**Student:** 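Below is a structure I'd like to ask you about.
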Amino acid sequence: MKNKFKIVILASNFARIIIRILIILNRRNINILYLNVVPLEDSQTMRCTLEVENSEESMHKVIKQIEKQIGVISTLYQESDKEKFIPVIKQEKSSMPSGYIQN
Amino acid sequence: MQEKTYIGSDILVKELLAEKVEYIFGYPGGAIMPVYDALYRYSDHIHHILTRHEQGAIHAAQGYARVSGKVGVCVSTSGPGATNLITGLADALIDSTPIVCITGQVPSNLLGTDAFQEIDVIDISLPVTKWNAQITRVCDITYIIRKAFYIARSGRPGPVLIDITKDAQLQKDIFQKTICQEVSNFHPYPQVHENNIKTAAALINSAKKPLALVGQGVTLANAEEEFKAFVEKADIPVASTLLGLDVMDSVHPLFVGMLGMHGSYAPNILTNQCDVLIAVGMRFDDRVTGDVNRYARQAKVIHLEIEACEIGKNIFSHVPVLGDCKESLPLLTEKIRKAAHKGWLAHFRIMQRKEEKIIQEDLNPEKDDLTMGEVIKWINQYKDKDAVLVTDVGQHQMIASRYFNFSSRKSQITSGGLGTMGFSLPAAIGAQFGARDRQIICLVGDGGLQMTLQEFGTILQDQLPIKIVLLNNNILGMVHQWQDLFFEKRYSSTELLNPDFMQLAKAYDMQGRKITRREDLQKALKEMFELKKACLLEVVVKKQYNVFPMIPSGAAVDEVRLA
Ligand SMILES: Cc1ncc(C[n+]2csc(CCOP(=O)(O)OP(=O)(O)O)c2C)c(N)n1
């Protein structure tokens with residue numbers, strides 16, 4: 001069953017991140033009802049708000065794919081008629097040395 | 001004192017040297033010429049391998065990366081040079097291969113003007129790269145190249161494409177020595193949670209019929225030893241995906257065979273009978289699972305995986321263990337009890353007997369026609385222990401996966417997720433550079449060989465001692481098999497009228513040998529492996545021959561067919 005979902009994405013302010021997000025949705029033929037992008041004050045980050053039609057299960061998987069994109073900082077989503085956002089926690093910080101690992 | 005300045009292309013090459021790049025595979029052209037000029041200047045430090053097609057260059061970079069564990073690098077020009085890379089990018093993305101591709105681009109003032117050989121490669125390659133970026137200013141080269149290597153190799157590896165405009169290659173700047181500490185908002189190594197380890201261990205300790213599934217993730221994490229210690233402690237049978245075949249020795253007593261469409265009978269059937277399924281570094285591809293709704297419904301699933309989006313993507317996971325398995329496997333091994341599953345393991349051996357008839361027909365045929373299986377059998381006999389098998393796509397790939405004796409780390413290279421015909425020859429070239437002392441065997445069908453045949457030229461130029469074994473059935477075997485089984489023998493466009501491959505070998509100064517009779521096979525293989533130069537051994541095999549076992553697409557794993 002398809003519901004309407006609202007997604008809010010915080011990401012580095014870089015146009016191609018939006019395309020990467022749209023590719024993820026388009027590839028699964030997810031209907032996009034609304035899209036809005038605003039840069040935040042620091043101009044380093046932007047907020048992207050979308051409304052899409054999708055099933056709950058697929059929504060969960062799609063959000064994980066969006067989260068994976070390099071430059072995406074955090075993602076929230078909720079069913080459009082519900083109050084509370086479901087936060088998605090980006091993979092936590094590394095426990096491995098994240099520095100400059102040589103070949 | 002003023003710091004020394006360099007042009008962008010020199011900075012780029014110095015950057016590659018800082019990343020310890022030894023080999024670059026590529027093909028020159030207008031928009032990348034400054035970089036080729038720099039490569040000329042630095043040719044004492046970096047060896048550029050001129051392939052005969054950009055697709056060859058990227059597959060070679062993949063082969064290099066797969067065998068060495070290092071990042072493969074490939075370079076091409078703008079426009080057609082860049083579009084020729086797309087297949088390789090897609091292949092590297094789905095098979096998690098770390099590569100960095102550098103493409104030239106028209107000068108930045110011409111972007112968007114339909115300039116000669118201008119193509120928007122960044123947008124074209126978005127869906128087939130882990131990350132990509134365009135450099136239009138010399139001052140960005142250092143940072144972006146470092147970021148590219150860091151992203152390509154970290155976490156789940158993947159391909160990165162960097163497009164660099166010609167003006168950026170020619171502008172001057174100083175060489176910055178700062179290093180890329182980390183990429184913001186990119187956390188490739190998720191923390192392993194103690195709680196999940198505990199739950200997983202408890203589940204494994206309670207299991208009567210555990211089954212471990214291993215994938216390439218273990219190889220990518222260099223965790224083969226950790227994996228072996230884990231399964232040996234709890235005496236768990238191991239089945240592997242296509243790309244996980246070289247994680248464990250093929251003759252290890254716990255190894256029960258390959259999973260999936262052309263996998264072994266026992267592990268496919270018993271997937272639907274085990275009580276705990278432990279998947280390590282694999283992604284439950286549809287070729288492995290068949291119908292997901294009838295896949296291991298009885299089992300509790302533990303999934304060790306480095307990428308969050310793979311967990312629960314196809315198969316629900318009761319205990320997800322997110323993290324690098326190099327880290328999580330030892331933690332798990334520590335918490336599980338020593339166990340023995342004799343009866344359960346015997347079950348696999350009993351099941352395996354059902355396959356015996358197929359195995360005999362493949363390996364010890366009674367009819368006159370040569371089979372692909374017997375060629376593999378004799379390859380096993382004469383190959384080096386640490387030989388690397390590079391296979392193409394089709395029936396020969398499946399037969400090799402079933403029968404080849406994988407007996408050393410990183411000994412298998414094949415195109416898994418994308419199934420790219422034409423992959424093997426260039427990948428074998430790259431693999432030979434990645435492992436100069438290992439024997440590289442390229443096993444290829446007559447269809448696949450002709451997709452990237454031009455790379456014979458690269459083998460000639462670089463004097464590579466690759467052993468090419470061509471299994472010639474004069475058809476597109478795997479498609480022919482589907483037509484035979486599912487399209488009522490309507491063999492639409494699968495017959496090949498082939499060239500004289502021996503004359504081709506001769507043209508490229510390769511040792512050529514054609515085998516049509518069983519009695520010549522062994523000797524020819526033996527001689528080939530003794531030779532220190534490139535050889536093409538063509539074996540004419542039975543034309544109509546179907547690979548079994550087989551799970552028809554859409555069927556469940558326990559509906560695997562033996563005929
Ligand atoms: C680039 C590409 N095109 C088409 C296919 C579809 N395909 C899969 S296997 C196969 C036949 C391969 O024939 P051959 O190389 O002769 O090997 P064989 O199956 O006979 O061992 C084809 C056409 C593919 N995998 N890749």
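Nothing here was measured: the structure is a model prediction, and the numbers come from that model.
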**Student:** Taking everything shown except B:Arg137 itself, do over 12 heavy atoms lie less than 6.0 Å from its CZ?
**Tutor:** no
**Student:** Quick one: does A:Arg16's side chain have a donor or acceptor within less than 3.5 Å of a partner on B:Asp123's backbone?
**Tutor:**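 Flag not set: sc A:Arg16 to bb B:Asp123 has no pair under 3.5 Å.
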**Student:** Just how far is it from atom CD1 of A:Ile19 to atom CG of B:Leu126, taken to the nearest 0.5 Å?
**Tutor:** 5.5 Å
**Student:** Side chain, backbone, both or neither: which part of B:Lys326 has a heavy atom under 4.5 Å from chain A?
**Tutor:** neither
**Student:** Rounded to the nearest 0.5 Å, what's the gap from CD on B:Glu310 to CD on A:Gln65? Could you check?
**Tutor:**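 Rounded to the nearest 0.5 Å, the CD-CD separation comes to 7.0 Å.
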**Student:** Quick one: closest heavy-atom pair of B:Val183 and A:Ile70, and the distance?
**Tutor:** CG1-CG2, 4.2 Å
**Student:** For B:Lys14, does the NZ atom sit with more than 12 other heavy atoms under 6.0 Å from it, leaving out its own atoms?
**Tutor:** yes
**Student:** Mind checking the NZ-NZ spacing from A:Lys68 to B:Lys130? Nearest 0.5 Å is all I need.
**Tutor:**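 One gets 8.5 Å once the value is rounded to the nearest 0.5 Å.
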**Student:** Apply ring pair (Phe, Tyr, Trp, His ring centres under 6.0 Å) to A:His60 and list each qualifying residue two or more places apart in sequence or on a separate chain.
**Tutor:**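 Residues passing ring pair (Phe, Tyr, Trp, His ring centres under 6.0 Å) with A:His60: none at all.
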**Student:** What residues, two or more places apart in sequence or in another chain, satisfy ring pair (Phe, Tyr, Trp, His ring centres under 6.0 Å) together with B:Tyr295?
**Tutor:** B:Phe284
**Student:** When only pairs under 4.5 Å are counted, which of A:Glu57, A:Lys61, A:Arg20 shares the most heavy-atom pairs with chain B?
**Tutor:**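 Greatest number of close heavy-atom pairs with chain B: A:Arg20.
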**Student:** Hey, is the main chain of B:Ile311 close enough, under 3.5 Å, to the side chain of A:Lys64 for a donor-acceptor pair?
**Tutor:** yes
**Student:** How long is the gap from CD1 on A:Ile66 to SG on B:Cys309, to the nearest 0.5 Å?
**Tutor:**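 Output value for this atom pair is 11.5 Å.
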